[in-house]
Amino acid sequence: MFPVLGGRSVQAARLLAPRCAVLVEAVRGRKSRTDPVAKSKEGRIKVPPPVDPAEMVVLKDRYSEYQLLTRALRLEFKEEVLRKKYEEETGSLAEERARQEAEEHRALMAWNNQENLRLLKLRIQRIRVEEEEAERKQQEAAVKREREQQEFIREREQEILQLQEDAKNFITMENLDQRIEDALDNPKNYNFAIDREGRVVKQTTLQ
């Protein structure tokens with residue numbers, strides 16, 4: 001049988017034990033919960049410290065006074081906060097804030113009116129420029145249409161004049177005999193070859 005060791009002896013034995021594993025203390029470096037009570041403390045009975053009745057009365061009075069003071073301070077702070085809030089909502093601070101808001105509103109309205117006037121001037125100027133540009137484009141389009149119409153009329157007149165000129169050489173019943181005699185008197189050979197530039201390079205002779 002092993003002798004029962006005291007608290008210090010157990011702790012020393014644990015410190016001198018071989019470090020085969022990590023020792024984890026259960027309660028801040030003291031003995032574990034399963035260790036027995038030390039021999040020096042086996043028969044001890046814990047007795048609360050004595051209280052002086054006079055001192056207890058004084059402490060109770062002072063604690064009551066402390067509670068009253070803290071409650072009074074808390075109520076005072078709460079009342080001050082509520083009073084400030086009420087003044088901000090309905091008191092002089094509210095009037096001052098309303099006046100400031102009215103002044104700020106008037107300033108913003110004045111700035112808004114100035115900005116609207118500036119934008120109106122810019123809009124009028126832009127519309128005027130757009131109207132002038134549209135009118136200029138319409139005039140250019142009208143001039144272009146007039147020029148194209150004149151060119152079309154001139155081309156048609158040229159075609160009519162060319163047709164009138166070509167009509168002089170048309171074969172009719174009146175000049176049919178004369179044209180036949182002219183063709184017989186002046187035969188033309190259309191059997192020829194031309195190169196890429198349109199020059200006659202080879203032509204057969206008439207029989």
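Predicted model, so just to flag it, every value in this text is computed and none were measured.
Take T34 and apply the side-chain hydrogen bond (donor to acceptor under 3.5 Å, both in side chains) test, not counting sequence neighbours, and it matches S32. Applying the side-chain hydrogen bond (donor to acceptor under 3.5 Å, both in side chains) test to Q158 and every residue at least two apart in sequence or in another chain returns nothing. Not counting sequence neighbours, E135 has no partner by the salt bridge (charged side-chain N to carboxylate O under 4.0 Å, His left out) test. Every residue two or more places apart in sequence or in another chain that forms a salt bridge (charged side-chain N to carboxylate O under 4.0 Å, His left out) with E197 is listed here: R199. Shown here are the salt bridge (charged side-chain N to carboxylate O under 4.0 Å, His left out) partners of E148, two or more places apart in sequence or in another chain: there are none. Contacts of Q149 classified as side-chain contact (heavy atoms from CB on, under 4.5 Å), with partners at least two apart in sequence or in another chain: I153. Partners of R196 under the side-chain hydrogen bond (donor to acceptor under 3.5 Å, both in side chains) rule, at least two apart in sequence or in another chain, do not exist in this structure. Partners of E103 according to the salt bridge (charged side-chain N to carboxylate O under 4.0 Å, His left out) rule, which considers only residues two or more places apart in sequence or in another chain, are R99. When the side-chain hydrogen bond (donor to acceptor under 3.5 Å, both in side chains) test is applied to E146, the partners found at least two apart in sequence or on another chain are Q150.
Within the structure, side chain to side chain donor-acceptor pair (under 3.5 Å) contacts touching residues 57-67 (residues at least two apart or in different chains) are Y63-Q67. Residues in residues 66-83 take part in these salt bridge (Lys or Arg N to Asp or Glu O under 4.0 Å) pairs, two or more places apart or across chains: E80-K84.
Side-chain contact between E104 and Q100: absent, with no pair of heavy atoms (C-beta onward) separated by less than 4.5 Å. By the 4.5 Å heavy-atom criterion applied to side chains, Q178 and D182 are counted as neighbours.
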Could you tabulate the donor-acceptor pairs under 3.5 Å formed by side-chain atoms of residues 114-132, not counting sequence neighbours?
residue : atom : partner : partner atom : Å
E115    : OE2  : R118    : NH2          : 2.3
N116    : ND2  : N112    : O            : 3.2

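The environment of CZ in F152 is sparse: at most 12 heavy-atom neighbours from other residues, nucleotides or ligands sit within 6.0 Å.
The two residues V51 and M56 come nearest to each other via the heavy atoms CG1-CE, 3.4 Å.
Note: N113 CG to L108 CG = 11.0 Å, rounded to the nearest 0.5 Å. For the atom pair L161 CG and E159 CD, the distance stands at 10.5 Å (nearest 0.5 Å).
Between V143 and the options R147, E140, R145, a side chain to side chain contact (heavy atoms under 4.5 Å, CB included) holds for only R147.
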